[in-house]
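Order of the sequence lines sets the chain letters (A, B, ...), proteins ahead of strands, with each chain counted from 1.
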Amino acid sequence: MWGFRGARFIRYRLPLREGQVAAAKWGRGTSGNLGGMTSPVRVRFAPSPTGTLHLGSARSALNNWLFARHHGANGTYVLRIEDTDQERSTPENVEQALRVFRWLGMDWDEGPGVDGPFAPYFQSQRQDTYGAALGKLMDRSAEPVDRYAYPCFCTKEQLAEDRAAADAAKRPFIYTGRCRNLDEEERANRVAAGDAHVIRFRIPDAGTTVVHDLVLGDTSFENALIGDFVIARADGSPLYNFANVVDDAAMEITHVIRGNDHLSNTPKQILLYEALGAAVPAFAHLPMVLGPDGAKLSKRRHHTSTVEQLAESGYSPEAVRNALALIGWSKDDVTNVMSTAELIEHFDITRVKKSAAAIDYDKLSWLNGEHLRAMSVADWAAGYEAWRDEWLPADHELHAAAFALTGVEAALLVQEKCVTWGEVPAYLGFLLEPFAMSDEAWARLQKTGDVGVRVLEHVVPMLETLDDFGMESLEAALRGACDALELKPGKLFGPVRFAVTGQTIAPGLWESMHELGRTRTIERLRAGRDRLAATLASA
RNA sequence: GCCCCGUUCGUCUAGUGGCCUAGGACGCUGGCCUUUCACGCCGGUAGCACGGGUUCGAAUCCCGUACGGGGUACCA
């Protein structure tokens, strides 16, 4: 009689209760509080600082952030840097990664720069924690007896042979367990003698481990198929699955929200949590993010596959958040455009769908346009100026155009026309000197023919004597000219616009003329009239 | 190979056994508006992967097939 939604809800709450038991174990958290709504919720995003943030990763980060913020004061968003790869984890790369996060506007409660009760938040500084956890797992006097860590002296050659044998027999390769049952004395002797060894984690031979997933539901894995896996390298450094669990347990993470590519790691991690005596967090595996062609999103194949590229193109962070949130999740059947506040209010991890989703750049652009148009002039101007200061190089051909106006002035001209801030400078190109009419504009001016000449001849003296060169005055004058010449607005504004802006894409006419000023406007009208008349005469 | 996950218009999605001759959005497209470009408005286009069940009734539940994806490391 349970509806599916009801069943999901039950699953959603169970892990929270487990979390509280564990919190009590650590002497932290809220004991005895069984109200789901007030349980603290702690999530994290743990990127490796490679210098770029992939859209798929950004989506994971966003879902964690929205989940935490949705829980208000009870939600904590932790940023932990997985910088164990010393080569790529340079301070510059870390700083670059943090810059991207700040741009995306996902503030973290604990992590680099702010620290917190579980510092440090860099894996490279947490060796002691991993060492202690390893010691705990290797202590054979501890429970449970079928889950522990042991040194494995198998050489790479031996393992390669095992693997080859498994392949030949068409059997899945599972670690044979050769070093699992060495006697304690031999182990101790070989370790003391300095024999190279990794540390493996012993898992039960039988039984299944089931992952209760907020997105996928229950998924079970046979323990026998997992095999004792390596948790520490020969040099003692921890492997991902181990470091991740140790950190998440230590930081009291209650919900692990991550990409679906981690699903098969999860049973291993659950076993690890149990062996460590730590609370198993709730899991939510997000559907993979695909490129527009349905292939896995990659920098190579897809032009804007990183957050940096979107920032550079002039997208607004809020629109990107909106678009990212909509990958695999929806508020309902009709809502698309949402402010971040709305995202936070409505975000529900249990509504995330299971299947992979291709990112739709067309829709992203549309969303961006919607957000840009909905902004206040002040916000739009600030965003535009931030973009142009950060991303438009001084030697760019449109640099001068972009800086010809303030953000507020530009907003008045083109806010409702642009899909991204990156498009703004091109609209402003008409303001630059020396003036040069584009080929397309000239072609269209030519098409106006004799009418065009008449219009320009009429308009020049009119504007020379116009008292006020303000926008309203200009509009009134130009509309008046339509009556005087008995022309439809379209016929009259066309030649004027092409002559004045020299472009086929430009802001509104009176706005443009006003911004250009009387002298330059009239100069251009005259030049256009002369050129057009000369061309017609010689034809 | 083995394990796991998934499959609704081209794309993102709504859908939890009757409200579905499947709704919305992007895209594409016809038209209107119009001062270029946009915006806006009205309309059109197109989908439940396939095959079996269960049921009075299936996009929805079950089984199988196909296809796609993830994993199978001293990567993360």
**Study point:** C1'-based separation of B:C28 from B:G64 [nearest Å]
**Key:** 38 Å

Exercise for review: Specify whether A:Phe229 and A:Phe201 have parallel, tilted or perpendicular ring planes, treating 30° as the upper limit for parallel and 60° as the lower limit for perpendicular.
Suggested key: perpendicular

Check your understanding: Would you call B:C63 syn or anti, using the 90° rule around 0?
Key -> anti

Exercise for review: Name the closest nucleotide to the A:Ser355 side chain, picking from B:C5, B:G1, B:G6.
Suggested key: B:G6

Anything under 3.5 Å between a protein N or O and an N or O of nucleotides 43-50 of chain B, put it in a table, one pair a line.
none

**Study point:** CZ (A:Arg180) with more than 12 external heavy atoms under 6.0 Å
**Key:** yes

Point to revise | A:Ser330 side chain to A:Leu326 backbone, donor-acceptor under 3.5 Å | key: no

**Study point:** B:C37 base / A:Lys417 side chain donor-acceptor hit below 3.5 Å
**Key:** yes

Review point. Is there a donor-acceptor pair closer than 3.5 Å between any side-chain N or O of A:Asp213 and the backbone N or O of A:His285?
Key: yes

Point to revise | Selection from B:U13, B:U36, B:A38 that lies nearest to any side-chain heavy atom of A:Ala506 | key: B:U36

Exercise for review: Spell out protein contact along nucleotides 19-34 of chain B as letters: B when the base is contacted, S when just the sugar-phosphate is, - when no protein heavy atom is under 4.0 Å; keep the 5' to 3' order.
Suggested key: ----BBBBS-------

Check your understanding: Which heavy-atom pair separates A:Gly528 from A:Leu456 by the least distance, and what is that distance?
Key -> C-CD1, 3.9 Å

Check your understanding: If the C1' atom of B:G18 is compared with that of B:A59, how far apart are they to the nearest Å?
Key -> 13 Å

Exercise for review: Fit a plane to each ring of A:Trp421 and A:Trp380, take the angle between them on a 0 to 90° scale, and name the class: parallel (under 30°), tilted (30 to 60°) or perpendicular (over 60°).
Suggested key: perpendicular

Check your understanding: Can you say whether the rings of A:Tyr273 and A:Phe283 are parallel (under 30°), tilted (30 to 60°) or perpendicular (over 60°)?
Key -> perpendicular

Study note, to complete from the structure: Per-nucleotide protein contact along nucleotides 71-76 of chain B, 5' to 3', at a 4.0 Å heavy-atom cut-off (B base, S sugar-phosphate only, - neither), is S-SBSB

Check your understanding: Can you name the nearest heavy-atom pair linking A:Ile226 to A:Pro267, along with the distance?
Key -> CD1-CB, 4.0 Å

Exercise for review: Report which part of the nucleic acid A:Tyr427 touches: base, sugar-phosphate, or nothing (heavy-atom distance under 4.0 Å, all strands).
Suggested key: base

